[in-house]
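One is the number of the first residue; the rest follow in order along the sequence. Scope of the values below: all heavy atoms of this structure, side chains included, with no hydrogens, waters or symmetry mates.
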Amino acid sequence: MDIEALNAVMDLLNQTHEFGESIWSRIEFWTGISFGMIALAYIAPNRLTPATTVLVVLLYIGFSVSVVSNIQTDLERAEVYGRDAVALAEEKNIKTGAVELTRQYMISGGSKLEAFSFIYIPGLLLGTIGYLCWTSYSYHVRTKRDS
C-alpha cells in the first residue's frame, strides 16, 4: 500500500471533518443567538418599541445571512475535500472504513443534511423573527388597551 497516498487520503478526510466541525459550531452559535433573541422578547417586551424591534430584526437577519452563507461555504468545501479523498482512494486502491462512509455520503447526496437544513434554518429564522414581532406587537397593543 502506498503510504503517501494513504496519508493524503487521511489528510483530506481530516479536512472534511474539520469543515463539519466548523459547520456544527456555527449552527450552535446561531442557535444560541436565536434563543437569546427569544429570551429578550420574553423578558423585556417593554423595551421592544416598534423601532427597536425593526432594528433587532434587521440585525438578526444580517447575522443569520452571514452565518448561513459561511455554513454553505464550509459545506461546499467539505464536499470537495470528501470527493477528492474518495477519488484518490479509488485511484490508489485504498480501502478504509472512513473512505467507504464518505463514499456512501457522497452517493446519497447528503440528503439527511439537506432535509435538516430546509426545515431547521427557515424554522429557526422565521420562528425567532415571528416571536420577536408578535411579542412586541402584543405588548404594545395590551398597554394601549389598558391605558
I would like to know whether V68 and Q72 meet side-chain contact (heavy atoms from CB on, under 4.5 Å); could you show each step before the answer? CA-CA 6 Å; V68 170; Q72 183 64 32; 5.5 Å; no
Could you walk me through whether L59 and F63 satisfy the side-chain contact (heavy atoms from CB on, under 4.5 Å) test, starting with their C-alpha distance in whole Å, then the side-chain angles of each, then the deciding distance to 0.1 Å, before giving a yes or no? CA-CA 6 Å; L59 288 171; F63 170 74; over 6 Å; no
Just do the side-chain contact (heavy atoms from CB on, under 4.5 Å) check on D74 and R26 with the steps written out, would you? CA-CA 10 Å; D74 283 352; R26 291 174 198 272; 3.1 Å; yes
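Contact of the Q104 side chain with the E100 side chain is registered, since non-hydrogen atoms from C-beta on lie closer than 4.5 Å. Residues Y42 and T135 have side chains not in contact (no heavy-atom distance under 4.5 Å, counting atoms from C-beta outward). At least one side-chain heavy atom of L40 sits less than 4.5 Å from a side-chain heavy atom of L48. Put simply, the side chain of P122 does not reach to within 4.5 Å of the side chain of F118, judged on heavy atoms. Taking the side chain as every heavy atom from C-beta outward, L6 and T96 approach each other to under 4.5 Å.
Of all the heavy atoms in V99 and V86, the pair that sits closest is O-CG2, 4.1 Å. A pairwise comparison of heavy atoms in S64 and L125 identifies OG-CD1, 3.5 Å as the closest pair. Taking both residues in full, the closest heavy atoms of P50 and H140 are given as CD-NE2, 4.2 Å, listed atom of the first, atom of the second, then distance.
Under a hydrophobic-cluster definition in which Ile, Leu, Val, Met, Phe, Trp and Tyr are linked whenever side-chain heavy atoms come within less than 4.5 Å, directly or via other members, Y120 and Y60 are assigned to the same cluster. Using a 4.5 Å cut-off between side-chain heavy atoms of Ile, Leu, Val, Met, Phe, Trp and Tyr, with links allowed through other members, V56 and Y139 fall into different hydrophobic clusters. No path of Ile, Leu, Val, Met, Phe, Trp and Tyr side chains, each step under 4.5 Å between heavy atoms, connects I129 with I38, placing them in separate hydrophobic clusters. W134 and V57 fall into different hydrophobic clusters, where Ile, Leu, Val, Met, Phe, Trp and Tyr residues are linked whenever their side-chain heavy atoms come under 4.5 Å apart, directly or through other members. I23 and V80 sit in two unconnected hydrophobic clusters of ILVMFWY residues. Membership requires side-chain heavy atoms under 4.5 Å apart, directly or through other members.
Panel note: side chain S34, backbone W30; a donor-acceptor pair is recorded below 3.5 Å. With hydrogens and angles disregarded, no donor-acceptor distance shorter than 3.5 Å links the side chain of S136 to the backbone of C133. At least one donor-acceptor pair closer than 3.5 Å links the side chain of T52 to the backbone N or O of R47. No donor-acceptor distance shorter than 3.5 angstrom exists from the side chain of S25 to the backbone of E21, with no hydrogens or angles considered. A donor-acceptor pair under 3.5 Å is formed between the side chain of S69 and the backbone N or O of S66. S22 places no side-chain N or O within donor-acceptor distance of the main-chain N or O of E18, the cut-off being under 3.5 Å.
Atom CD of E4 has 12 or fewer heavy atoms from other residues, nucleotides or ligands within 6.0 Å. Summarising the local packing, OH of Y137 is surrounded by 12 or fewer heavy atoms from other residues, nucleotides or ligands at distances under 6.0 Å.
Remark: L88 CG to N93 CG distance equals 11.5 Å, nearest 0.5 Å. Rounding to the nearest 0.5 angstrom, the gap separating the OG1 atom in T102 from the CG atom in D84 is 11.5 Å. Here L124 contributes atom CG and M37 contributes atom CE; the two are 11.5 Å apart, rounded to the nearest 0.5 Å. Rounding to the nearest 0.5 Å places CG of N70 at 12.0 Å from CD1 of I27.
Qualifying salt bridge (charged side-chain N to carboxylate O under 4.0 Å, His left out) partners for R77, counting only residues two or more places apart in sequence or in other chains: none.
Taking Ile, Leu, Val, Met, Phe, Trp and Tyr as members and joining any whose side-chain heavy atoms lie under 4.5 Å apart, directly or through other members, L101 forms no hydrophobic cluster with any other residue. Other cluster members for L58: V54, joined by side-chain heavy-atom distances under 4.5 Å among Ile, Leu, Val, Met, Phe, Trp and Tyr.
Ring geometry for F19 versus Y81: interplanar angle of 30 to 60°, hence tilted.
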